[in-house]
There are 4 protein chains.
Amino acid sequence: MSKGINKVILIGNLGADPEVRYMPQGGAVANMTIATSESWTDKSTNQKKEQTEWHRVVIYQRLAEIAGDYLRKGSKVYIEGKLRNREWTDKEGIKRYTTEIVANELQMLDGKQDGQQQGGYQQPAQNNQRQPAGRQNQGR
Amino acid sequence: MSKGINKVILIGNLGADPEVRYMPQGGAVANMTIATSESWTDKSTNQKKEQTEWHRVVIYQRLAEIAGDYLRKGSKVYIEGKLRNREWTDKEGIKRYTTEIVANELQMLDGKQDGQQQGGYQQPAQNNQRQPAGRQNQGR
Amino acid sequence: MSKGINKVILIGNLGADPEVRYMPQGGAVANMTIATSESWTDKSTNQKKEQTEWHRVVIYQRLAEIAGDYLRKGSKVYIEGKLRNREWTDKEGIKRYTTEIVANELQMLDGKQDGQQQGGYQQPAQNNQRQPAGRQNQGR
Amino acid sequence: MSKGINKVILIGNLGADPEVRYMPQGGAVANMTIATSESWTDKSTNQKKEQTEWHRVVIYQRLAEIAGDYLRKGSKVYIEGKLRNREWTDKEGIKRYTTEIVANELQMLDGKQDGQQQGGYQQPAQNNQRQPAGRQNQGR
DNA sequence: TTTT
DNA sequence: TTTT
């Protein structure tokens with residue numbers, strides 16, 4: 001049972017190909033960043049403004065494999081998940097905190113679902129290699 | 001116009017009374033932390049587990065004043081807003097990043113809307129004092 | 001896999017105790033109506049207005065039993081689910097259409113979780129009797 | 001102030017071009033139907049199943065004009081709004097009820113934002129004609 | 001730091 | 001038919 005609601009809904013574009021790694025037990029973990037932006041006109045200066053937020057998203061298991069197989073830099077996705085705060089230590093030994101979205105639903109929103117990319121033929125195995133999940137870029 | 005969707009929905013309890021400050025121009029800003037927790041049974045050990053997330057929420061203007069007037073430590077609220085990442089420098093000069101929810105909708109979900117609290121009579125003006133918005137606890 | 005998103009989020013009060021029935025195979029089905037209301041001031045007449053919507057909600061299986069055991073007329077709930085349109089024929093043989101929310105998440109939002117009701121002691125088994133699911137009020 | 005939450009989020013495709021009409025006072029009203037579908041494998045028969053829901057969506061004012069100008073049959077959209085139940089009388093004098101989503105946010109999710117359509121050149125003024133809002137297809 |  |  002859960003007490004309270006912790007829900008995030010994002011529609012945005014991937015800043016890079018998802019990074020897929022595998023846990024020692026075999027489960028997949030995908031990390032990706034998603035940009036959402038909003039634009040408005042500043043009424044005092046009458047200037048157009050744009051603000052982009054970059055969201056750290058982590059996905060597990062089967063959904064992580066789907067992300068690794070079908071999503072690429074620039075892909076537009078719908079993500080639903082929850083917020084999670086994580087503590088880690090950087091290489092200088094400084095304690096840092098990161099908020100990320102743990103996604104439990106994912107939908108591609110553009111037609112590049114064939115895995116085809118702008119830069120010609122795409123090797124589907126590229127993001128699929130079983131890399132150890134240990135050393136990864138943590139935090140932001 | 002906005003490109004993409006950046007939406008957060010929370011239902012949880014306040015960890016403390018909201019901190020309300022006023023901008024130089026007079027607009028109110030309320031900061032609060034909201035806890036959401038989920039509990040489940042670990043099927044391998046058959047033990048009950050609970051995980052609590054603490055969310056930093058910031059509210060502006062009229063909604064901030066409502067928060068300051070009606071919400072207290074322990075209040076259950078519905079919050080809707082968007083994720084915003086903010087960069088700041090701590091007192092050691094270390095650059096830090098914080099993710100917070102900028103709320104644009106707020107609803108009280110418990111009957112303590114009279115401002116009555118467990119600890120006896122409550123002074124409604126307490127959180128209403130016009131404190132300068134300058135020096136505040138930043139980050140987490 | 002799902003194509004598209006079909007999501008409803010409601011916070012409101014039950015108009016009556018949930019009606020719980022059991023399918024021939026034993027699965028529970030709970031029907032309930034939930035009111036959400038919004039109020040505003042009509043700026044042309046300066047009059048306060050209020051508009052209430054009544055939502056038909058249906059819940060299945062274990063969640064339906066929880067609803068039957070813990071929810072009562074007046075209970076405040078959070079509901080998450082999807083829209084479903086259903087066709088049925090009334091007793092005059094007229095074909096009718098009803099839209100309902102099929103809930104997949106439910107949370108009680110008030111302190112009446114002990115099953116205590118305003119009218120004195122409450123028999124918890126009352127809504128629990130295994131009624132046939134056949135003859136029910138359909139449509140609205 | 002609103003009591004309760006009444007929120008719908010849809011991502012789906014338009015079943016037809018939006019129908020835009022104008023109120024006597026000049027405000028635009030757009031009606032459209034949006035399909036969401038989910039597919040799954042029936043584990044008892046091992047057959048693939050698909051279920052499509054058709055949602056009636058109504059949009060007002062400036063957003064209605066945007067819908068009329070940029071959306072076409074087949075367009076993929078994100079819609080956010082609220083549920084509203086409406087009573088009307090069909091031509092046989094039978095009282096009917098319809099549930100629709102009143103949208104307050106709309107985002108196009110495919111690249112056909114230039115108004116270009118599959119069937120050749122598209123007249124942008126076509127859906128823009130100021131038709132009276134009186135006689136419209138009501139109900140479903 | 002909340003809540004059940 | 002609910003709730004404040």
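In what follows, chains carry the letters A, B, and so on, assigned in the order in which the sequence lines appear, proteins first and then strands, with residues in each chain numbered from 1. From a predicted model like this one, the values you see are computed outputs, not experimental measurements.
Rounded to a whole Å, the CG atom of C:L109 is 15 Å from the P atom of F:dT3. The distance between atom CG of B:L10 and atom P of E:dT1, rounded to the nearest whole Å, is 21 Å. Put simply, OH on C:Y70 is 12 Å from C1' on E:dT4, counting in whole angstrom units. Note: CD (C:E53) to P (F:dT2) measures 16 Å, nearest angstrom. Summarising the geometry, the separation between CG on C:D110 and C1' on F:dT4 is reported as 13 Å, rounded to the nearest angstrom. In this structure, the CG atom of C:N13 is 10 Å from the P atom of F:dT2, given to the nearest Å. The CD1-P distance, from B:I11 to E:dT3, rounds to 17 Å in whole Å. Residue C:K76 contributes atom NZ, which lies 7 Å from atom C1' of F:dT3 at whole-angstrom precision.
Residue-nucleotide stacking is not present for C:W54 and F:dT2, judged by a side-chain ring centre under 5.5 Å from the six-membered base ring centre and planes under 30° apart.
For B:S37, taking side-chain heavy atoms from C-beta onward, the closest of the listed nucleotides E:dT1, F:dT2, E:dT3 is E:dT3. Nearest nucleotide to the side chain of A:K3, out of F:dT4, E:dT4, E:dT2: E:dT4. Of the candidate nucleotides F:dT1, E:dT1, F:dT3, E:dT1 has the atom lying nearest to any side-chain atom of B:T33. Looking at the side chain of C:E50, the nearest of the listed nucleotides E:dT1, F:dT3, E:dT2 is F:dT3. Of the candidate nucleotides F:dT3, E:dT1, F:dT1, E:dT1 has the atom lying nearest to any side-chain atom of B:K73.
With sequence neighbours excluded, the residues forming a side-chain hydrogen bond (donor to acceptor under 3.5 Å, both in side chains) with A:R96 are A:D90, listed by chain and number. In this structure, the side-chain hydrogen bond (donor to acceptor under 3.5 Å, both in side chains) partners of A:K82, at least two apart in sequence or on a different chain, are B:E38.
Here C:E80 pairs with C:K7 in a salt bridge; the nearest charged N to carboxylate O distance falls below 4.0 Å. Salt bridge annotation for B:E100-B:R86: present, with a cationic side-chain nitrogen under 4.0 angstrom from a carboxylate oxygen.
Considering D:T33, D:T36, D:T99 in turn, D:T36 is the only one that fulfils the side-chain hydrogen bond (donor to acceptor under 3.5 Å, both in side chains) rule with D:H55.
Counting atom types as modelled, C:T52 pairs a side-chain N or O with a base atom of F:dT2 as donor and acceptor under 3.5 Å.
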